[in-house]
Amino acid sequence: MTTRLVHTRDELRGAMANRSGEVGVVMTMGALHDGHRELIKVARRRCDVIVVTVFLNPLQFAPNEDLSRYPKTLDADVALSAEEDVDLVFAPSVEEVYPAGEPQVRVHAGPLGDVLEGASRPGHFDGVLTVVAKLLHLTSPDVAYFGQKDAQQLLLISRMADDLNFPVEVVSVPTVRDADGLALSSRNGYLTEADHVVALTLSRALRAGAERAADGADAVRRAARAVLDAEPGVGLDYLALVETSGLTEVPDGTTGPALLAVAARVGTTRLIDNATVDLGGR
Ligand code: PAF
């Protein structure tokens, strides 16, 4: 099967017109890696038609962020998509997605968009949800696949689909890690070899926290924090242990699942990672 690359909404509409069966979408900002490959593979197991979107969405970047240096590798992205039998790659220009310039009406993420990533990146999730809403309208999928690595994004997209009645099932796919445990991200390409070693502290901290889950929330926080504090190369933004649907800090003594989330700067790169821990509250 050949993978077709389309750039415009009209081409997309034309290419989708003759397709039948269940449609799955994997949305990306390009620079595809094995984490994206896994999203596609999971989609492929269920869906008849797979659409990958490649769009570097300016709306979700603040002026001081890495929009201009974000890797652009469309040829390689199409090649990876072809290896995974993707039907269609939709790679629109900014003008194609935002023909009237910056949209005046946007999806507002609400309070869940103000914490964790949203506290450090104000407006980020409004930008994400606005483009995801547009891409859902344009691709009309039955199922949309997102990675657990961006846990807050995944939660907000699921809430948007539920709260605003988008006719799509949002499916979460587990984080893919490299052999050392580093969560795969298009931004890992910014890391020097030395940064890479320091970056492993994040997943190590999550593992150390998870190992203390039976001892309760405070023990988890302390164990994860000790690992992060021991590495001077980590510029910690936040370490949070939050309830999985409301994202509020869990008090000690809480039992059940909680999200241990971390964000930190390593060299010039901001990284995030998370793990779900099952608190015993002992
Ligand atoms: O996770 C991403 O790559 C982006 O935030 C997304 C969902 C493609 C929206 O631009």
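Just so you know, these numbers come straight off a predicted model, no measurement behind them. Remember, it's 1-based here, ligands and their atoms both numbered in the order they're listed.
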Could you walk me through whether H108 and F125 pass the ring pair (Phe, Tyr, Trp, His ring centres under 6.0 Å) test, one step at a time? CA-CA 8 Å; H108 177 46; F125 287 116; over 10 Å; no
Would you call K41-E83 a salt bridge at under 4.0 Å N-O? no
D278: which residues meet the side-chain hydrogen bond (donor to acceptor under 3.5 Å, both in side chains) condition with it, sequence neighbours left out? none
Please collect all salt bridge (Lys or Arg N to Asp or Glu O under 4.0 Å) contacts where either partner lies in residues 18-27, sequence neighbours excluded, each pair once. R19-D87, E22-R46
I'd like to know whether CZ of R177 has more than 12 heavy-atom contacts from other residues, nucleotides or ligands below 6.0 angstrom. yes
What are the atom names and distances for all N or O pairs under 3.5 Å between ligand 1 and the protein?
unit_1, atom_1, unit_2, atom_2, d
ligand 1, 1 (O), Q153, OE1, 3.4
ligand 1, 1 (O), Q153, NE2, 2.8
ligand 1, 5 (O), Q60, NE2, 2.9
ligand 1, 5 (O), Q153, OE1, 2.7
ligand 1, 10 (O), Q60, OE1, 2.6

Listed by chain and number, what are the side-chain contact (heavy atoms from CB on, under 4.5 Å) partners of D85, not counting sequence neighbours? M1, R44
